[in-house]
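Working notes for the structure below.
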Amino acid sequence: MQDIIADIQRLKKEKNAVILAHYYEDGDIQDIADHVGDSFYLAKMGQKTNADVILLAGVVFMAESVKVLNPTKTVLVPDLNAGCSLVNGAPFDRYKAWREKHPDGIAVTYINSSAEVKAISDVIVTSSNAPQILEAIPRDRKILFGPDQHLGRFLSKKYNRQMELWPGACEVHVLFNAKRLVELIMKNPDAVVIAHPECEDAILQHAQVVGSTSRLLEEVEKNPSQKFIVATEPGIFHQMKKVRPDAELIQAPIEDGSCNCNNCPYMKMNTLEKIRSSLQFLQPQVNLPESLRAKAQVSLDRMMSITSNEPVTWPDKFIYTEV
Ligand code: 13P
Ligand code: SF4
């Protein structure tokens, strides 16, 4: 493994490349990355970097967002099959038909979506910036929220905003089992329960803290509790253990505890070998037709403007122009 790591470090210098990794990657991948973070942080770092090559150790929609925001860079993803069930569950034609059914609605779309869906959306959100984005939308406007119904439902309840929800879900986060979680809480009454908002409401109801991966990590770092029950993908334990080696971290239970199936199968497609090969051959690249890229940029730019406290305007109606 040391040889591969040395090769990656050398290739990074040779190609003037930066590696961005999501918290759900294996620990050895997080450790060779220049920046590790949640999906909003990775999009921002991808926009800011001066490197010529950006390797996104995460899933394809994350690399697409980086390409949309930074089109002159070479954007690599170690495995083009690293998809996401939320992307798969929101095909462009059906999403467009949904928008056309509610033409006066503002389409607030989770970053876990394809570039095509972003291109017919008004604003993009991540779980870390969604409250700020919702705040910027006039109260009298109807909101279409997709593709993650659980994040949408959580936001709708918490911020008292009516929403039409797209019926998508994360195949990993819906595996957590509420009955088994309650049993675990009864056995560990001193544990703080923290959960990602992609979990079902039945799980979120038992969580003291609901937030993005970076918010959950922050809670583990700052909360003096010695025990946490964590309802999200286990890759994040790598950083949690670093910031709180003294704390006990318990994975929230899934129905059949015998499998490893709450590992995200897409995030876990990436390996150090694939990263080395990707940097060596500058493949596979994420490229988008310019017309599609420019349209997807509109909704991503709105997210970036709102989170930088810049004013934005909203279209009155959805008018489709070919992507
Ligand atoms: P975060 O933005 O919270 O990192 O979530 C990304 C994701 O895909 C969660 O499943
Ligand atoms: Fe998609 Fe779920 Fe994997 Fe996140 S954990 S990338 S939402 S399938």
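All heavy atoms count here, side chains included; hydrogens, waters and symmetry mates do not. Counting starts at 1 for both ligands and their atoms, in listed order.
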Discussion item. Donor-acceptor check, side chain of Q208 to backbone of I194, threshold 3.5 angstrom: yes or no?
Written reply: no
Worksheet item: With sequence neighbours left out, what residues match E100 under salt bridge (Lys or Arg N to Asp or Glu O under 4.0 Å)?
Response: K96
Worksheet entry | Donor-acceptor contact present, side-chain K67 to main-chain K73, <3.5 Å | yes
Discussion item. Donor-acceptor check, side chain of N177 to backbone of R180, threshold 3.5 angstrom: yes or no?
Written reply: yes
Response to the item:
Applied to residues 160-190, the ring-ring contact (aromatic ring centres under 6.0 Å, His included) test, sequence neighbours excluded, yields Y95-W166, W98-W166, H173-H196
Practice prompt. Run through ligand 2 for me and note each protein residue having a heavy atom under 4.0 Å from it, chain first, then residue number.
Written response: Y24, C84, S85, L86, N112, C170, E198, C264, Y266, M267
Discussion item. Tell me the closest heavy-atom pair linking I54 and L20, and the distance in Å.
Written reply: CG2-CD1, 3.7 Å
Worksheet entry | Exam field: side chain K241 to backbone D246, donor-acceptor pair closer than 3.5 Å | no
When you check ligand 1 against the protein, what N or O pairs turn up below 3.5 Å? List the atom names and distances, or just say none.
unit_1, atom_1, unit_2, atom_2, d
ligand 1, 2 (O), S39, N, 3.2
ligand 1, 2 (O), S39, OG, 2.4
ligand 1, 3 (O), S127, OG, 3.1
ligand 1, 3 (O), H196, NE2, 2.8
ligand 1, 3 (O), T213, N, 2.9
ligand 1, 3 (O), T213, OG1, 3.4
ligand 1, 4 (O), H22, NE2, 2.7
ligand 1, 4 (O), S39, N, 3.4
ligand 1, 4 (O), T213, OG1, 2.6
ligand 1, 5 (O), H196, NE2, 3.3
ligand 1, 8 (O), N112, ND2, 3.1
ligand 1, 10 (O), E198, OE1, 2.7
ligand 1, 10 (O), E198, OE2, 3.2

Worksheet item: Is the backbone N or O of P265 less than 3.5 Å from a side-chain atom of N263, with the two atoms forming a donor-acceptor pair by type?
Response: no
Discussion item. Looking at K118, is its backbone amide N or carbonyl O close enough to the side chain of S299 to form a donor-acceptor pair, meaning the two atoms are under 3.5 Å apart?
Written reply: yes
